[in-house]
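Reviewing the structure listed below.
Protein chains get the first letters and strands the later ones, always in sequence-line order, with residue 1 at the start of each.
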Amino acid sequence: MSFQDRIWLTTLVGIALVTLAFLHVIRQSGREEDPKTVQTRAYALRRWLFGGLIALGIVVTGASLWPFPIASQHGAPMAPQVVHVVGHQWAWQMDTTRVRAGIPVAFEVTSADVNHGFGIYDSTDRLLTQTQSMPGVTNRLVYTFEHPGKYRILCLEYCGLAHHAMIREIDVVDGTEEES
Amino acid sequence: MSILYPQNEMLESRERMVLNLYLVTSLVLFLVMMVLGLLMRLAQGAWMDMSPTLFYQVMTAHGAGMVGTAALASSAVMWFFLRKYVPLKTSIFLANYVLFMIGAVLLLVAIFIGKFAGAWTFLYPLPVQSLGVWSVGSAVLFMVGFLIIGVGFLLFYLDAMRGVIRVYGNLGRGLGLQWLFSGTVDPDHPKTVVASTMVIIVNSLGILGGAVVIVMSLINAYDPEIALNALFAKNLIYFFGHVFINITIYMAVIGVYELLPRYTGRRWGMSRPFLWAWAASTLMVMIVYPHHLLMDFAMPRWMAVTGQVISYTSGLPVFTVTAYGALTNIHRSRMRWRIPAMLLILSMFGWAAGIVPAIIDATISVNHVMHNTLWVPGHFHFYLLLGVLPMQFAFMYHLIGRDTDRSVSRSDRLGFWMYLSGGLAFVFMFLAGGHASVPRRWATHFPGWQVYDQVASLSAALVIVALSLFTVRICLGLMHTPSSAEPAPAGD
Amino acid sequence: MMTTSDHMSAPTAVLRTVVLTVGLLLVGVAGLGVATDGFHAFTTETARRVAVHRNPPAVPATVPLVNQDGVHFTLADLQGKWVLVDFVYTRCMTICTVLGADFAQLERELAEPIAQDRIQLLSISFDLARDTPAELASYLTRFRGAGPGWQAAIPLTDDGLARLEDAFGITVIPDKMGGYTHNAAIHLVDPTGRLVDIFDLGQRDQVRAALQRELAS
Amino acid sequence: MTAQMLVQIPLLLMAGILLVPVIPTRLRARAARWDQGGVSGLVLATLAMAFWMLPRSLDASTTDPLVALAKFLTVPLLIGLPLAFSWPRAGFIVRGVFLTEFVATFFRLGWLYRVSPIRLCNNYGLGDQQRLGNYMLWIGGGLLAWLALKLLAGNFKSLSPSSSPGAPG
């Protein structure tokens with residue numbers, strides 16, 4: 001199950017819960033009950049809901065921010081492979097398009113003109129990770145390719161007329177193969 | 001049974017005329033912009049040929065047009081209800097409309113004659129660096145158009161600010177800050193005033209941010225030697241853009257607070273949690289914008305964390321106060337099922353459910369694979385198409401209704417269900433596209449992605465038919481002004 | 001209910017105010033337009049460039065200069081060639097270093113037309129008190145320039161320097177540490193001795209492109 | 001540069017404000033008829049301010065004595081005087097628009113001076129310019145904070161229902 005699948009499932013469950021709450025209330029809306037009773041019950045329930053959401057928030061925040069999901073931007077890149085990327089209207093300039101699998105790659109991404117988005121896609125057109133490509137700023141994206149193969153860079157920030165054509169292929173080769 | 005049409009909401013003929021201008025213009029613009037949206041989905045689905053040049057122009061028009069129109073229609077809702085509690089000037093309300101229309105004309109000229117296609121976010125430095133696709137002049141025209149629209153809204157907010165201060169002393173008292181920690185909350189303090197005050201504060205600052213970054217971009221356009229810091233410009237643009245579009249919800253939700261209790265026949269009282277929710281939202285709407293910049297790794301880490309944490313917490317007031325309060329109000333109330341009531345519930349659902357994909361996307365690790373995919377338009381269409389617009393339609397339907405109406409007409413019922421099913425299918429196609437990693441803002445899609453675009457096109461068409469039904473009904477209704485909204489004979 | 005009586009009290013005053021305000025706006029915006037060369041030049045530097053593009057001024061041809069080898073010459077001696085001029089002082093470790101690197105790079109990139117004697121690079125020092133031909137020579141050596149294609153020179157007189165600064169639009173302010181703050185640019189003088197263009201630091205590519213365009217035509 | 005923009009010009013502006021009582025009452029009454037709600041005066045002051053915010057103008061005023069003279073005349077007469085004259089008659093909305101624009105201008109200029117890698121004024125150093133930029137951002141932020149505090153928690157006697165709102169009729 002890919003990361004996207006898990007996100008999708010979580011979202012569907014969340015939306016389904018909201019929908020069930022609404023359907024429940026709508027089904028009951030034809031009946032009549034003393035507003036005071038309804039309110040007392042609802043407010044008691046709300047405390048639990050609020051507390052539950054806070055607790056959920058704390059757990060999710062902790063789990064999703066530790067370790068911090070963005071590589072350190074200071075100092076020299078800590079990855080064994082470094083690729084310098086410059087976005088241009090409308091092409092990707094990279095000092096190499098060949099990297100090794102299983103070993104972290106630091107992409108140092110900037111732009112020569114406008115904002116671009118540096119998105120790495122696998123051969124099934126699934127987005128693996130991304131960062132922004134900005135003039136005057138270098139963003140460091142550290143990623144480890146799991147499998148050798150053909151990958152593609154797609155532009156993910158609207159940058160003008162040929163935005164959708166800003167595609168470049170990269171080769172990920174077996175990590176042990178190219179030692180020399 | 002509560003009164004649906006209280007005396008103090010009656011309109012004088014001049015007020016009615018201006019309000020009608022707002023409503024009819026909004027409906028027509030919504031229709032046009034939705035057709036533009038449909039064209040984009042058709043082009044992406046390869047069911048229609050459209051050059052990328054035109055596609056991106058259409059995209060720019062759709063974005064700017066929808067944001068502007070949503071704000072226009074929402075400010076009509078706010079004006080209508082707020083004027084019951086504080087004095088507002090019809091002339092200023094009209095001035096906002098006139099400036100909006102002037103700005104809108106400039107935007108359209110910039111886009112369709114000047115070929116400007118820098119997206120509604122005018123992200124620096126794209127507007128002035130198109131590689132010759134459009135001229136700097138048309139970028140300038142576009143930004144000046146925004147500036148003029150911004151001035152119009154600023155006038156409207158200043159007038160509302162003056163009104164709130166006159167009646168309540170200052171904005172803090174309008175917001176009910178004096179009751180946050182102690183004291184007895186005035187049960188009659190209007191929710192409308194609380195929400196309006198929040199909107200006034202937040203969007204005045206949003207407009208200020210916009211005015212700073214737009215003028216700087218204009219200076220840069222003419223004197224490129226004065227280069228701006230792109231990351232700082234991005235911060236200001238997203239602050240302005242986020243606040244401006246968010247505020248359309250907070251203006252329109254006033255309609256829910258005002259109207260829902262009338263259809264349920266139950267009081268929806270003021271409470272301390274409500275005041276806390278709005279005070280917190282005031283702050284959170286302003287500081288949550290870094291969630292647009294999670295993929296800008298050069299941003300300070302604490303800002304990214306703020307973006308993620310505040311995105312989550314800003315959902316809490318919506319879930320636990322507004323949506324929950326609405327549901328409590330409806331629960332076993334023997335609701336009067338009229339079309340405005342149906343739309344109000346839909347709007348609450350759209351807002352609450354639309355927040356789910358939004359919050360999830362604002363998690364940094366999720367953002368890595370969802371940012372700038374179709375997931376993003378997916379989440380905001382969810383709460384704009386199924387949240388904000390239904391709030392506005394509910395208000396409009398309410399206006400043209402009358403106390404004696406007993407049931408929902410067949411065409412309205414049909415329209416409602418078409419809108420609901422079309423809208424749901426439409427936003428789910430966006431979310432599914434995001435799940436499949438389809439990039440946002442691409443003129444052409446890979447063949448594997450086109451099935452989402454095609455289903456989305458069909459659903460969009462359904463929404464457009466539904467909206468056409470609404471538009472005809474509401475416009476006819478506004479023309480035959482119902483007796484209940486006639487000026488009171490002995491009024492003034 | 002609120003009635004809108006606010007504007008009713010003095011309709012003529014409103015009308016007058018509207019007329020006056022619109023008039024003021026028209027005059028004001030037109031004035032600002034004139035003051036900024038049609039909203040193109042907000043700074044003195046840009047204004048200078050706009051003026052140069054519109055009406056290229058002649059540079060002072062007769063100011064006596066001495067170069068790094070102690071040879072006396074004037075700008076008139078360079079007529080017939082395209083001349084790239086920058087203004088530096090040799091002790092400068094900031095902007096002038098960037099200018100020096102740019103010139104060194106240009107000297108390499110334009111080696112061919114320089115060999116044909118069609119282009120000359122010239123760094124003029126404004127530090128009359130300290131810079132000498134020997135300092136100039138070591139400045140050139142620092143950048144490994146020093147070929148005949150790149151010369152450095154000092155005006156012999158204060159008056160000559162003032163005339164050059166005025167013609168090229170150079171402002172030099174002594175700072176408190178014995179150095180100077182000055183505006184840095186690459187100036188292009190055509191073979192007839194007119195200043196035809198001014199480029200920023202870092203616009204080396206544009207300089208080269210402009211020269212290649214001119215030489216090709 | 002800092003001295004010129006944050007000391008000299010404000011002082012000149014102050015001088016203009018002090019000039020108001022010197023103007024004959026009859027003349028003031030006549031001018032008021034062209035200045036409903038203080039709009040014309042504030043527009044005039046805004047335009048004149050815009051001119052003196054151009055780096056070019058500032059530059060020229062230090063090198064060209066004629067421009068310097070123009071500055072000494074126009075800052076009091078075209079900015080200070082109309083400002084002081086029109087402000088009391090400006091209503092809430094007119095003041096609001098003016099103040100919003102005023103604060104925005106501090107942010108714009110501060111930003112400009114701070115980030116501009118080139119010196120906007122040839123007669124001033126880069127350090128001076130960046131320092132001024134910082135000051136302007138602080139002033140803009142301070143003004144905004146003061147306005148926000150005033151609006152959130154302040155007292156507005158003139159707007160209370162008993163007295164007439166904004167522009168007196």
Side-chain angles (χ1 to χ4, degrees), chain A residues 3-4 7-8 10-11 14-15 18-19 21-22 25-26 28-33 35 38-39 42 46 49-50 53 57 61 64-65 68-71 73 89 113-115 117 119 121 125-132 134-141 154 156-164, chain B residues 52-53 56 117 119 123 125-126 129-131 133 229-231 234 266-267 295-298 301 304-305 308-309 312-313 316 319-320 324 327-328 330-335 345 348-349 352-353 356-357 360 363-366 368-373 431 435 437 439-444 446 448:
Chain A
F3 188 30
Q4 273 93 338
I7 296 167
W8 189 218
T10 317
T11 307
I15 292 176
V18 174
T19 312
F22 271 82
V25 170
I26 291 166
Q28 304 272 323
S29 66
R31 293 168 56 184
E32 196 163 12
E33 197 177 353
V38 172
Q39 239 178 36
R46 172 157 79 180
L49 177 69
F50 188 73
L53 285 173
T61 304
S64 65
L65 290 179
F68 197 66
I70 297 172
Q73 301 293 306
Q89 282 169 317
D113 36 54
V114 301
N115 288 274
Y121 278 71
D125 291 332
R126 192 163 57 92
L127 178 57
L128 300 175
T129 187
Q130 64 173 312
T131 188
Q132 288 274 302
M134 280 195 79
V137 174
T138 301
N139 290 316
R140 174 182 300 153
L141 173 68
L154 269 56
L156 287 185
E157 186 67 70
Y158 176 62
C159 59
L161 184 60
H163 165 53
H164 55 281
Chain B
T53 330
Y56 292 124
L123 196 55
L126 181 60
Q129 284 195 27
S130 66
L131 287 197
V133 180
N229 177 325
L231 189 57
K234 206 184 213 177
R266 256 193 205 161
R267 252 182 79 79
M295 291 299 107
D296 286 283
F297 298 164
R301 204 173 260 204
V305 173
Q308 170 171 335
V309 172
Y312 184 85
T313 39
L316 295 180
F319 276 126
T320 60
Y324 196 87
L327 287 182
T328 310
I330 297 163
H331 191 66
R332 297 189 180 166
S333 63
R334 199 179 291 186
M335 177 104 170
I345 295 179
M348 282 287 104
F349 167 74
V356 175
I360 290 177
T363 313
I364 299 172
S365 48
V366 172
H368 275 288
V369 296
M370 286 304 182
H371 182 61
N372 280 352
T373 65
L431 291 173
H435 169 238
S437 299
R440 179 187 185 189
R441 293 177 168 152
W442 271 37
T444 53
F446 297 156

Task: Contacting moiety of B/Ser130, where chain A heavy atoms sit under 4.5 Å - done: backbone

Open item on the list: Classify the ring geometry of B/Tyr56 against A/Tyr158: parallel below 30°, tilted from 30° to 60°, perpendicular beyond 60°.
Closed with: tilted

TODO: Apply side chain to side chain contact (heavy atoms under 4.5 Å, CB included) to the pair A/Phe68 and B/Arg301, showing each step before the final yes or no.
DONE: CA-CA 9 Å; A/Phe68 197 66; B/Arg301 204 173 260 204; 3.2 Å; yes

Task: A/Leu128, part contacting chain B, at a heavy-atom distance under 4.5 Å - done: backbone

Open item on the list: For the backbone of B/Met295 and the side chain of A/Thr131, can you confirm whether one donor and one acceptor N or O come within less than 3.5 Å of each other?
Closed with: yes

TODO: Assess the side chains of B/Asn372 and A/Gln130: does a donor N or O sit below 3.5 Å from an acceptor N or O?
DONE: no

Task: For chain B, the option from A/Leu49, A/Ile26, A/Asn115 that forms the most heavy-atom pairs under 4.5 Å - done: A/Asn115

- [ ] Indicate the atoms forming the closest heavy-atom contact of A/Val38 with B/Thr328, along with that distance.
- [x] CG1-O, 3.8 Å

TODO: Look only at the side chain of B/His371 and the backbone of A/Leu156, and say whether a donor-acceptor pair between them is shorter than 3.5 Å.
DONE: no

Task: Between CD on residue A/Gln28 and NE2 on residue B/His331, distance to nearest 0.5 Å - done: 5.0 Å

- [ ] Give the member of B/Arg267, B/Arg440, B/Met348 that has the highest number of heavy-atom pairs under 4.5 Å with chain A.
- [x] B/Met348

Task: Engaged part of B/Phe349 at the chain A interface, taking heavy atoms whose separation is under 4.5 Å - done: both

TODO: Could you pull out the closest heavy-atom pair between A/Val18 and B/Ala353, with the gap in Å?
DONE: CG1-N, 3.9 Å

TODO: Test A/Glu157 against B/Leu123 for side chain to side chain contact (heavy atoms under 4.5 Å, CB included), laying out the working first.
DONE: CA-CA 10 Å; A/Glu157 186 67 70; B/Leu123 196 55; 4.2 Å; yes

Task: Whether A/His163 side chain and B/Arg441 backbone form a donor-acceptor pair below 3.5 Å - done: yes

Open item on the list: With a 4.5 angstrom heavy-atom cut-off, is it the side chain or the backbone of B/Gln129 that approaches chain A, or both, or neither?
Closed with: both

Open item on the list: Taking every non-hydrogen pair under 4.5 Å, which of B/Ile360, B/Leu327, B/Thr373 racks up the most with chain A?
Closed with: B/Leu327

Open item on the list: Please enumerate all residues that pass side-chain hydrogen bond (donor to acceptor under 3.5 Å, both in side chains) together with B/Ser365, with sequence neighbours excluded.
Closed with: none

TODO: Could you grab the distance from atom CG of A/Leu53 to atom OH of B/Tyr312, nearest 0.5 Å is fine?
DONE: 4.5 Å

- [ ] Please report the shortest heavy-atom distance between A/Pro35 and B/Arg266, naming the atom on each side.
- [x] CB-NE, 3.5 Å

Task: Residue pair B/Tyr324, A/Phe50: steps toward the ring-ring contact (aromatic ring centres under 6.0 Å, His included) verdict - done: CA-CA 11 Å; B/Tyr324 196 87; A/Phe50 188 73; over 10 Å; no

TODO: Just give me the residue among A/Thr61, A/Asp113, A/Val137 that pairs up with chain B most often, heavy atom to heavy atom, under 4.5 Å.
DONE: A/Asp113

Open item on the list: Please give me the minimum heavy-atom distance between A/Ile7 and B/Val369, naming the atom from each residue.
Closed with: CD1-CG2, 3.7 Å

TODO: Answer yes if the side chains of A/Glu32 and B/Ser333 hold a donor-acceptor pair under 3.5 Å, and no otherwise.
DONE: no

Task: Side-chain (A/Asn139) to main-chain (B/Asp296) donor-acceptor, under 3.5 angstrom - done: no

- [ ] Supply the atom-to-atom distance B/Met370 CE to A/Trp8 CH2, rounded to the nearest 0.5 angstrom.
- [x] 8.5 Å

Task: A/Arg31 (side chain) donor-acceptor with B/Arg334 (main chain) under 3.5 angstrom - done: no

Task: Closest contact, heavy atoms only, A/Leu65 versus B/Ile364 - done: CD2-CD1, 3.7 Å

- [ ] Please name the pair of heavy atoms, one in A/Ser29 and one in B/Ile330, separated by the smallest distance, quoted to 0.1 Å.
- [x] CB-CG2, 3.7 Å

- [ ] Check each atom of B/Leu126 against the heavy atoms of chain A and say whether the ones under 4.5 Å are side chain, backbone, both or neither.
- [x] both

TODO: Go through B/Thr363, B/Val305, B/Val366, B/Thr53 and name the one with the most non-hydrogen pairs under 4.5 angstrom from chain A.
DONE: B/Val366

- [ ] Return yes if some donor-acceptor pair links the side-chain N/O of B/Ser437 with the main-chain N/O of A/Leu127 below 3.5 Å, else return no.
- [x] yes

Open item on the list: Between B/Phe297 and A/Thr138, is there a side-chain heavy-atom distance shorter than 4.5 Å?
Closed with: no

